[in-house]
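Chain letters run A, B, ... following the sequence lines, proteins first and then strands; every chain starts at 1.
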Protein chains: 2
Amino acid sequence: MLDAGAIKRSLKGGGLRCTPQRYAVMAFLMEYHGHPTAAEIYKAVNLVDPRSSRATTYNNLRDLVRAGLVREVAVEGRAARFDAKGIRHHHFICDRCGNVEDLAWFDVPRPASRTLGKRVLRECELIFRGLCTKCAPRRASR
Amino acid sequence: MLDAGAIKRSLKGGGLRCTPQRYAVMAFLMEYHGHPTAAEIYKAVNLVDPRSSRATTYNNLRDLVRAGLVREVAVEGRAARFDAKGIRHHHFICDRCGNVEDLAWFDVPRPASRTLGKRVLRECELIFRGLCTKCAPRRASR
DNA sequence: ATTTCATATTAGATATATTCCAGTTTTATG
DNA sequence: CATAAAACTGGAATATATCTAATATGAAAT
Ligand SMILES: [Mn+2]
Ligand SMILES: [Mn+2]
Ligand SMILES: [Zn+2]
Ligand SMILES: [Zn+2]
């Protein structure tokens with residue numbers, strides 16, 4: 001479905017104006033199941049009107065990440081990838097093709113408060129690495 | 001101390017020739033306690049002879065990561081950072097200054113093999129985020 | 001409905017990070 | 001020492017992301 005009112009409200013909640021360009025980025029991330037790069041998002045939202053510039057796409061992604069609505073996943077050597085922070089989940093990143101996949105959430109033990117010291121903990125991110133379903137067999141058979 | 005023979009052996013073990021440039025990168029990462037960028041490593045190893053080119057520094061870091069001797073930490077929007085894979089540990093990355101800090105290792109539960117499916121799991125990486133000791137107080141008092 | 005202005009958008013330039021290239025040098029082996 | 005695979009080099013090229021400054025717009029207040 002994709003409730004337009006809900007998106008609008010969540011933008012407002014994050015202190016962000018609801019502009020067509022920003023709405024388009026958020027809506028795209030919410031309905032697209034995957035982890036697109038900024039370039040892919042830019043392209044996708046521009047398939048439909050109105051046109052959004054590259055700078056605006058980057059600006060909006062930055063703002064949405066700051067507002068806690070979107071997560072940015074840094075992948076070594078490649079462009080950053082994004083997903084809407086819907087249900088909590090972990091990630092699996094393929095060594096070979098770089099694909100980012102969702103894994104069901106499970107709780108992660110926090111570090112002992114002694115080891116944290118004066119640091120302020122906001123969140124934790126658990127990334128599993130290896131070969132994805134598509135890459136695993138061909139690597140094994142080589 | 002930094003055992004030259006040990007470094008040489010670990011390079012050979014990873015199927016890598018021991019060249020002065022590659023040795024310098026590995027030795028630097030082993031004695032330096034921190035998470036330098038490729039540019040910082042390039043600069044550091046060139047303070048002493050022999051001179052290493054930028055391309056070679058990148059090539060060697062890539063090879064060392066592939067050989068499992070070095071870990072690459074991707075930080076969103078910034079240059080990748082590297083550390084020698086000595087003792088297992090987790091990372092804490094500061095939201096504000098981007099600094100990467102080591103946290104004592106503790107075991108992380110693996111995802112159920114049912115959820116992994118045909119994926120081949122190699123390792124897991126746990127990253128904690130928030131404000132580092134230096135950034136925490138000033139943010140709190142603002 | 002109109003005014004207002006902080007916020008957002010734009011195209012293009014710029015900055016930063018990383019990889020590629022093709023010719024030369026070096027390492028490790030026998 | 002001869003050999004061949006691997007590694008090195010500087011510079012060009014590519015990829016990614018941010019900046020700039022002029023213009024436009026959302027939404028709150030009238
Ligand atoms: Mn995800
Ligand atoms: Mn580390
Ligand atoms: Zn894959
Ligand atoms: Zn900090």
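- Of the candidates D:dT18, D:dG10, C:dT18, the closest approach to any side-chain atom of A:Y58 belongs to D:dT18.
- For A:Q21, a side-chain nitrogen or oxygen approaches OP1 or OP2 of C:dT10 to under 4.0 Å.
- Taking atom OH on B:Y23 and atom C1' on C:dT27, their separation rounds to 17 Å, with Å as the unit.
- Set against C:dT9, C:dG12, C:dT18, the side chain of A:R54 has C:dG12 as its closest nucleotide.
- At least one side-chain nitrogen or oxygen of A:S52 sits closer than 4.0 Å to the OP1 or OP2 atom of C:dT10.
- Protein atom OH of A:Y42 is 16 Å distant from nucleotide atom P of D:dT18, rounded to whole Å.
- Spacing between atom CZ of B:F82 and atom P of C:dA17 amounts to 12 Å, rounded to whole angstrom units.
- Remark: P of C:dA11 and CG of A:N46 are 9 Å apart, rounded to the nearest angstrom.
- DNA chain C is contacted by both A:A55 and A:D63; A:D63 maps to the nucleotide lying nearer its 5′ end (nearest heavy atom per residue).
- As judged by a 4.0 angstrom heavy-atom cut-off over every strand, B:T37 is placed among residues making no nucleic acid contact.
- Within 4.0 Å (heavy atoms only), A:A39 reaches no atom of the nucleic acid at all.
- Of the candidates C:dT9, D:dG11, D:dA17, C:dT9 carries the atom nearest the A:N60 side chain, counting heavy atoms from C-beta on.
- Under the 4.5 Å side-chain heavy-atom criterion for Ile, Leu, Val, Met, Phe, Trp and Tyr, A:L69 and A:V45 are members of the same hydrophobic cluster.
- Residue B:L16 contributes atom CG, which lies 18 Å from atom P of D:dA5 at whole-angstrom precision.
- Put simply, the side chain of B:R22 and the base of D:dA7 share no donor and acceptor less than 3.5 Å apart.
- A side-chain donor-acceptor contact under 3.5 Å links B:N46 to the backbone of B:S52.
- Both B:G77 and B:G15 lie close to DNA chain D; mapped to their nearest nucleotides by heavy-atom distance, the more 5′-ward contact belongs to B:G15.
- What separates CZ of A:R78 from P of C:dT18 is a distance of 14 Å, to the nearest Å.
- A:Y58 and A:L29 fall into different hydrophobic clusters, where Ile, Leu, Val, Met, Phe, Trp and Tyr side chains are chained together by heavy-atom contacts under 4.5 Å.
- A donor-acceptor pair is defined here as one N or O able to donate and one able to accept, closer than 3.5 Å; such a pair exists between the side chain of B:R22 and the backbone of B:R17.
- Using a 30° and 60° split on the angle between ring planes, B:F106 and B:F128 fall in the tilted class, from 30° to 60°.
- Of the candidate nucleotides D:dA28, C:dT18, D:dG26, C:dT18 has the atom nearest to the side chain of B:A79.
- Each of B:E72 and B:N59 has a nearest nucleotide on DNA chain C; the 5'-most of these lies closest to B:E72.
- Remark: B:T19 is in phosphate contact with D:dC8, judged by side-chain N or O atoms under 4.0 Å from OP1 or OP2.
- With C:dA17, C:dT27, D:dG10 as the choices, the nucleotide that has an atom nearest any side-chain atom of B:S53 turns out to be D:dG10.
- Rounded to whole Å, atom C1' of D:dC8 lies 15 Å from atom CG of B:L61.
- Comparing D:dT9, C:dA28, D:dT16 against the side chain of B:R17 picks out C:dA28 as the nearest.
- Side chain of B:C18, nearest nucleotide from D:dG10, C:dA28, D:dT25: C:dA28.
- Taking the side chain of B:P20 as heavy atoms from C-beta on, and the options D:dA27, D:dG10, C:dT27, the nearest nucleotide is C:dT27.
- Distance A:K8 NZ to D:dG26 P: 10 Å, rounded to the nearest Å.
- For D:dA7, neither phosphate oxygen OP1 nor OP2 lies less than 4.0 angstrom from any side-chain nitrogen or oxygen of B:T56.
- When each of A:E125, A:E123, A:H89 is checked for a side-chain hydrogen bond (donor to acceptor under 3.5 Å, both in side chains) with A:R71, only A:H89 meets the rule.
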